[in-house]
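See below for the structure under consideration.
Just so it is clear, the structure is predicted and the values come from calculations on it, not from any experiment. Only this structure's heavy atoms are used, side chains among them; waters, hydrogens and symmetry mates stay out. Here is how names work: the chains are called A, B, and so on, in the same order as the sequence lines, proteins then strands, and each is numbered from 1.
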Number of protein chains: 2
Amino acid sequence: MQLSADAPTRWPQARVPPSPPHHRTAPPPAPRAADGGVPPHAIVLDALQPIGTAARVRRGRQIFAEGEPAAHWYWLASGAVQVCSFAEDGKRHVAELVLPGDLFGLEACARRGATAEAARDAVVVSYPRARAEALVDADPRLARAFREVACGRLHHAQACLLRLGRTSALARVASFLLEMGERCRRAADGAVDVPVTRDDIADYLGLTSETVSRALTELRRRGAIALPARQSIHLADRAAIASAKDAGR
Amino acid sequence: MQLSADAPTRWPQARVPPSPPHHRTAPPPAPRAADGGVPPHAIVLDALQPIGTAARVRRGRQIFAEGEPAAHWYWLASGAVQVCSFAEDGKRHVAELVLPGDLFGLEACARRGATAEAARDAVVVSYPRARAEALVDADPRLARAFREVACGRLHHAQACLLRLGRTSALARVASFLLEMGERCRRAADGAVDVPVTRDDIADYLGLTSETVSRALTELRRRGAIALPARQSIHLADRAAIASAKDAGR
DNA sequence: CGTGACTTTGATTGGCCTCAAAAGCGGTGG
DNA sequence: CCACCGCTTTTGAGGCCAATCAAAGTCACG
């Protein structure tokens with residue numbers, strides 16, 4: 001496993017983030033109270049918690065690669081991870097942007113369908129899949145929560161498909177900003193910390209980094225956002241961002 | 001439920017396609033022999049079979065709509081169905097193209113994330129979700145197969161993301177043809193029956209119908225395909241199609 | 001045989017990619 | 001503290017691909 005290969009930062013299990021902060025992750029069809037109001041994401045996390053092992057992953061390092069046997073499930077404690085696929089000619093596409101608190105790599109098939117790499121230095125908790133699936137097998141309530149999480153993933157992917165297939169560059173960037181506004185922690189001043197480069201954003205949105213940059217400049221010109229620092233974006237006027245998102249292709 | 005509203009073609013259960021022909025559906029990470037070589041798709045189908053009810057759906061009619069409670073799971077016996085989402089301005093995107101033999105609408109969340117409508121007159125088998133989930137809860141082997149099916153869906157969606165985000169119109173159409181070549185039944189002469197219009201293909205690939213038409217014309221000009229009839233495409237030279245697919249933007 | 005839906009083809013426009021270079025930012029070492 | 005270097009971001013100019021608008025052609029069906 002690449003995890004331990006990096007820096008064998010294998011924390012004692014007691015140090016694994018306990019019942020982790022389920023502060024976020026609310027895919028459009030909000031985490032329904034399938035279970036007394038506890039979101040499915042949290043149910044799965046709580047169940048997996050005892051078998052987790054944390055490790056540091058440096059920026060740019062792979063966590064798993066397409067085609068590999070899927071031996072673990074993962075939870076991101078800090079940093080950022082992207083799940084990406086590659087075209088024959090090497091062009092990259094980021095299928096999923098994983099933020100702190102998110103589960104990822106939850107394959108139920110034998111092999112990985114995509115590659116995961118750290119977009120920033122990250123701390124990742126891994127769960128041996130055999131043990132994790134045994135837990136899920138043993139508890140239908142947990143299995144159901146897991147299905148809900150997977151369902152949310154698919155909904156999100158379908159929303160991304162609509163975005164890629166049918167919207168302009170400006171609308172995609174606006175939509176991305178609103179997404180990050182909901183999914184990211186804020187700084188004190190309300191600015192959103194976007195933990196990825198323009199290139200990463202471009203690969204997520206099916207654009208080039210130049211086009212992303214131009215779109216951000218345009219939104220700033222309109223007063224919709226401010227760009228106080230490299231990877232910090234202040235969503236000054238959400239209505240303006242939303243209208244840029246909806247102004248069709 | 002819209003199904004019965006159409007024509008109450010509620011076949012006696014005996015007439016529900018028995019252990020259905022699992023002739024197809026092989027997402028890239030092929031249906032792994034998780035269970036003695038039986039693909040997960042077939043395990044799920046066999047388990048659901050006793051609680052299915054068939055109904056006809058006329059072309060253009062909805063099967064379910066975004067936002068509705070997800071009360072059923074579905075299997076397509078014949079015809080074609082598309083699962084689609086809509087942008088604010090009404091633009092449509094086809095997230096999933098459902099062909100005979102496929103399961104669809106397998107939501108685990110409370111509400112539908114997208115709309116399903118018949119692209120051709122279809123026969124659809126529906127399974128009450130409460131009963132279906134109870135079956136899945138009762139059998140971990142089945143639950144696992146279900147997870148594998150869901151995982152295949154996500155892989156497919158991610159492949160579509162790469163296609164939308166990073167390839168030219170010609171490459172998308174070529175890729176679509178190869179996909180249909182694997183997923184569709186063939187006519188006697190080997191021609192693929194594509195059960196959707198150019199508009200539908202365009203909405204699936206994030207293009208316009210004119211562009212799809214031009215791409216098909218170009219592939220025909222190259223001798224890669226022949227277009228014997230309206231919705232029939234003969235994949236004459238797969239290598240040529242594959243090279244069009246890979247010749248990147 | 002007429003009608004309507006679908007498909008193909010053509011001409012034009014515009015948006016995004018490409019290539020190129022300058023500017024900003026963060027680190028390191030003198 | 002400042003000079004330097006690498007990396008990221010921004011800005012610019014030009015070209016190409018696909019959308020758009022428009023019209024002719026094809027097919028199924030009543």
Strictly below 4.0 Å: does [X] bring a side-chain N or O up to OP1 or OP2 of [N]?
X	N	value
B:Thr208	D:dA18	no
B:Thr211	D:dA19	yes
A:Thr217	D:dT11	yes
A:Arg59	D:dC7	no

Which comes earlier along DNA chain C counting from the 5' end, the contact point of B:Val212 or that of A:Ala229, where each point is its nearest nucleotide?
B:Val212
Could you check which of [options] has an atom nearest any side-chain atom of [X]?
X	options	answer
A:Gln231	C:dT8, D:dA18, D:dT9	D:dT9
B:Arg230	D:dC27, D:dA19, D:dT20	D:dC27
A:Arg214	C:dT7, D:dC21, C:dT18	C:dT18
B:Ala169	C:dC16, D:dT9, D:dA18	D:dA18

Provide, to the nearest angstrom, the distance between the [atom1] atom belonging to [X] and the [atom2] atom belonging to [N].
X	N	atom1	atom2	result
B:Lys91	D:dA18	NZ	C1'	14 Å
B:Asp200	C:dT7	CG	C1'	13 Å
B:Arg166	C:dT18	CZ	P	9 Å
B:Leu205	D:dA18	CG	P	12 Å
B:Leu227	D:dC27	CG	P	12 Å
A:Arg120	C:dG26	CZ	P	12 Å
A:Asp199	D:dT9	CG	P	7 Å
A:Asp203	D:dT8	CG	C1'	15 Å

Taking atom types as modelled and ignoring hydrogens, do the side chains of [X] and [Y] form a donor-acceptor contact shorter than 3.5 angstrom?
X	Y	value
B:His156	B:Glu179	yes
B:Gln231	B:Asp193	no
A:Gln158	B:Arg153	no
B:Asp246	B:Ser243	no

Any donor-acceptor pair under 3.5 Å linking the side chain of B:Trp73 with the backbone of B:Glu107?
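Present.
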Using a 4.0 Å heavy-atom cut-off, does [X] contact any base of the nucleic acid, only the sugar-phosphate backbone, or nothing at all?
X	value
A:Ser209	nothing
A:Thr197	sugar-phosphate
B:Leu216	nothing
B:Arg172	nothing

Show the nearest heavy-atom pair for residues B:Arg230 and B:Arg198, with the distance to one decimal.
O-NH2, 3.5 Å
Under-3.5 Å donor-acceptor pair between A:Glu210 side chain and C:dC19 base
yes
